[in-house]
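For reference, the structure is listed below as structure tokens.
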There are 4 protein chains.
Amino acid sequence: MKSPGFRGQGMKAENKHAKIIVAATKVFAKKGFFTARISDIAKEAKVADGTIYLYFNNKYDILLSVFEEEVKKIAENTAQLLSLETDPRRMLEIFIIQHLIAMKKNKNLAEVIQIELRQTNKVIKDYRDNKFSEYTGIIADIIRRGQSLGIYRSDIQPDLAKRALFGALDEVSRVWNASLETHYTVDETANQILSMFLSGIQLNPEN
Amino acid sequence: MKSPGFRGQGMKAENKHAKIIVAATKVFAKKGFFTARISDIAKEAKVADGTIYLYFNNKYDILLSVFEEEVKKIAENTAQLLSLETDPRRMLEIFIIQHLIAMKKNKNLAEVIQIELRQTNKVIKDYRDNKFSEYTGIIADIIRRGQSLGIYRSDIQPDLAKRALFGALDEVSRVWNASLETHYTVDETANQILSMFLSGIQLNPEN
Amino acid sequence: MKSPGFRGQGMKAENKHAKIIVAATKVFAKKGFFTARISDIAKEAKVADGTIYLYFNNKYDILLSVFEEEVKKIAENTAQLLSLETDPRRMLEIFIIQHLIAMKKNKNLAEVIQIELRQTNKVIKDYRDNKFSEYTGIIADIIRRGQSLGIYRSDIQPDLAKRALFGALDEVSRVWNASLETHYTVDETANQILSMFLSGIQLNPEN
Amino acid sequence: MKSPGFRGQGMKAENKHAKIIVAATKVFAKKGFFTARISDIAKEAKVADGTIYLYFNNKYDILLSVFEEEVKKIAENTAQLLSLETDPRRMLEIFIIQHLIAMKKNKNLAEVIQIELRQTNKVIKDYRDNKFSEYTGIIADIIRRGQSLGIYRSDIQPDLAKRALFGALDEVSRVWNASLETHYTVDETANQILSMFLSGIQLNPEN
DNA sequence: CATGAATGAGCGTTCATTCAT
DNA sequence: TATGAATGAACGCTCATTCAT
């Protein structure tokens, strides 16, 4: 990420940076990282091709920035909501709902996270995962808390369950964008996933 | 996919086709579809660049072929094993284990399925999903069978559960290739996923 | 070359123009004309990129200005010193020494003259040569004077000798900047060149 | 420098490589390295742009190759002719004549050597000079031989004289290409330079 | 069938120049 | 005058695809 000076920028620069991020998210989601052209992003953002390079080092830097900035928003929002809760069951519910809401609200972003970030090379993946781990790590934390409270089964591996839940959410919300089948509302979906997952990991399932 | 005539091919042609598929699977898994070059595949297959075009129409055709052929193997293998079973619980177990075994055995393929097929454009995705649906549809079928037998909760949407389970398996096995964390054996993983998922969808979970 | 109005400039403008010339000379010498960026010059001159276009029409105009202004200085200085002399041998000595001193003193300029002005196209070269001819023409004039005085060999072609001497001085002083070998002082070098050249063109060499 | 395989190339490949070298020499001479476009060279060589990259790594590699190959020819030719001579005066004559002949015969090359190789950065210059030193070093060797035989003045620094002579030849032949003035024949020019230079460095000049 | 040299369309990126402030 | 963000034309290079051998 770059930034063209900081004199009296105030808002102009911020706007342009944001405009490019939004445009890139849209274009990447629609065409994929490799198929997307810089000129596509520029056109979408209504700036010149060269302008993009005033704010980003290269094409991949745009992808990373899109990822970082957008994921940060979700992660922070979710973390904040969770800080008000103590019941691991409610916390799981919150995470699931928030994730699905975010994915549904920003379909472009969903694509970017789910699809584009599975590309490129290992180095990039590592970087991505470090960032992403912070987010998915929330799930594992909730599970561990539930286990220490005797609510969740102790034989469940938090890291495995974390992946299983994230994978389930990821695949489920992918449908919304691919629009391959009739799809369900966020609430329906969240309920289904939550009830399955909760029953699956709870010690004494009562539903 | 092409086929270079049928004059006196006998076996050579089949061998070359197969060699290219294997090479492509390896190269796509390692470098990704867009980053992989035709010459990489040719070199890996010990074949001239031009030879590839005797067996495939274009680069994307190779990807599709890799997908079709390899997925067909898994699907057929799984279908055959399932035909010997009637208990929806056992059937789910078989599916999960077989999928994870296949992913672990053929890491290249796992990457191709999980990563490469999330790229390219919508048209491709649709095509992919039609093919892939046959495979993941197995899960939905098992669930419906379990529901009609009164074993699985009737409030569970089979198509949603199908996606949730596939997503969970997909994400869980992704770790094996990315090797980001200490990972579990196939059996461990299968047990965890199975027990979570079974408890989650069973009407009266007793395990 | 431009000139930004003449309202109340006084001195500021002159300073800025000069600052840019100095900066450009330095940058061109270091990076070459084509590799040098306007922003490099602007940064070196501690001026905004756009400011440069208040004083020069374009990048090439800067190069020309650098050349013109700096060569003019040398030419005028040399011409003034020569006006006090009548002996063609002393005049040649003066030219050689002055040229080498100038090159040594202003290494950046030396690079600009020697290297940068050999780039660009024919049109430019012609222009350059017209300007430069005034300077190198001094050598031919000295030789002609010496020939008419019967001191220099009449079979020597002044224009050829002019080029030979300038080429020798040019190449010899190039070493100082490229610092490829142990190099000699101005005096040493001047003596060597002078004694060689004088012996070469004198009618009755007595040294 | 590259080469596309070595199976049964025999002549085709060689031809194409040579064609590109010739075309590049011509284009570089006409437009200069930086102003020359790869597509110019390709067009001149009647090949596709991409073909050039089958034989050269990049644009600069073409320049280096042109330089190396052409200078090697001159250097080898001159060295061979010199091996038949022992008189330092004749040897100097041979060098001067051969150099001027080569420059006159291949005007494109002359430009490339004289102009283009003064560009780019220090690293390149060093490389150039190492190569070029082998050639200009011949002059210094001749002078040293003449000094040890008592024919050339011992107070002359061979390395300085070497540069002076090369610079003189360089500048003199530059005129042929710039065609700025009426110019002399090779013989005329060689005679003038030789007689000046010989008189300049001989111990007892008798001409 | 097999080869791999040749092709050329296409894209990421740079940077001289402009212009609104 | 001065600034520097914005522009967009231009180019080096890649690589999927073709085709003469």
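Chain A is the first sequence line, chain B the second, and so forth, proteins listed ahead of strands; every chain is numbered from 1.
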(request) Start with the C-alpha distance between C:F28 and C:I41, add both sets of side-chain angles, then the distance that settles side-chain contact (heavy atoms from CB on, under 4.5 Å), and finish with yes or no. (result) CA-CA 8 Å; C:F28 283 152; C:I41 298 173; 3.9 Å; yes

Give the rounded distance in Å between these two atoms: [atom1] of [X] and [atom2] of [N].
X     : N      : atom1 : atom2 : answer
D:D61 : F:dG12 : CG    : C1'   : 14 Å
B:K46 : E:dC1  : NZ    : C1'   : 20 Å
C:N15 : F:dA2  : CG    : P     : 11 Å
D:I38 : F:dC11 : CD1   : C1'   : 9 Å
D:K19 : E:dA5  : NZ    : C1'   : 13 Å
C:Y55 : E:dA16 : OH    : C1'   : 19 Å
D:H17 : E:dA5  : NE2   : P     : 15 Å
B:F56 : E:dA2  : CZ    : C1'   : 15 Å

(request) Please work out if D:A42 contacts a base, only the sugar-phosphate, or nothing of the nucleic acid, heavy-atom cut-off 4.0 Å. (result)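 No contact.
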
(request) Report which part of the nucleic acid A:L54 touches: base, sugar-phosphate, or nothing (heavy-atom distance under 4.0 Å, all strands). (result) base

Using purine N1 to pyrimidine N3 plus N6-O4 or O6-N4 for Watson-Crick, or N1-O2 and O6-N3 for G-U wobble, both under 3.5 Å, which nucleotide pairs with [N]?
N      : result
F:dT21 : E:dA2
F:dC15 : E:dG8
F:dA10 : E:dT13

Choosing from [options], which nucleotide comes nearest the side chain of [X]?
X     : options                : answer
C:K59 : E:dT17, E:dT13, F:dT17 : E:dT17
C:R37 : E:dT17, E:dA16, F:dC15 : E:dA16
B:Y53 : E:dT13, F:dT17, F:dG12 : F:dT17

(message) Please give the distance between the P atoms of F:dT21 and E:dC1 as a whole number of Å.
(response)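 Their P atoms lie roughly 23 Å apart.
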
(request) Specify the residue among D:T51 and C:G50 whose closest nucleotide of DNA chain F lies further upstream toward the 5′ end. (result) C:G50

(message) Donor-acceptor pair, distance only, cut-off 3.5 Å: does the side chain of C:K59 make one with the backbone of C:F33?
(response)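 At least one qualifying donor-acceptor pair exists.
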
(request) Ignoring hydrogens and angles, tell me if any N or O in the side chain of C:R37 forms a donor-acceptor pair with the backbone of C:T35 under 3.5 Å. (result)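 No: the side chain of C:R37 does not pair with the backbone of C:T35.
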
(message) Nearest heavy atom decides the nucleotide; on that basis, is C:D49 or B:A48 closer to the 5' end of DNA chain E?
(response) B:A48

(request) For B:I52 and for C:S39, find the nucleotide of DNA chain E with the closest heavy atom, then tell me which residue's nucleotide is more 5'. (result)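 Whichever sits nearer the 5' end wins; that is B:I52.
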
(message) Looking at every non-hydrogen atom in both residues, tell me the closest pair between C:I20 and C:A45 and how far apart they are.
(response)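 What the structure gives for the nearest pair is CA-CB, 4.1 Å.
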
(request) Would you name the heavy atoms of B:D49 and B:I38 that are closest together and state the gap between them? (result)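 B:D49 and B:I38 have their closest heavy atoms at O-CG2, 4.5 Å.
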
(message) Counting only side-chain nitrogens and oxygens, does A:K16 get under 4.0 Å of the OP1 or OP2 atom of F:dA5?
(response)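 Negative; the distance criterion is not met.
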
(message) Within this structure, what is the OG-CD distance for the pair C:S65 and C:E70, rounded to the nearest 0.5 Å?
(response) 10.5 Å

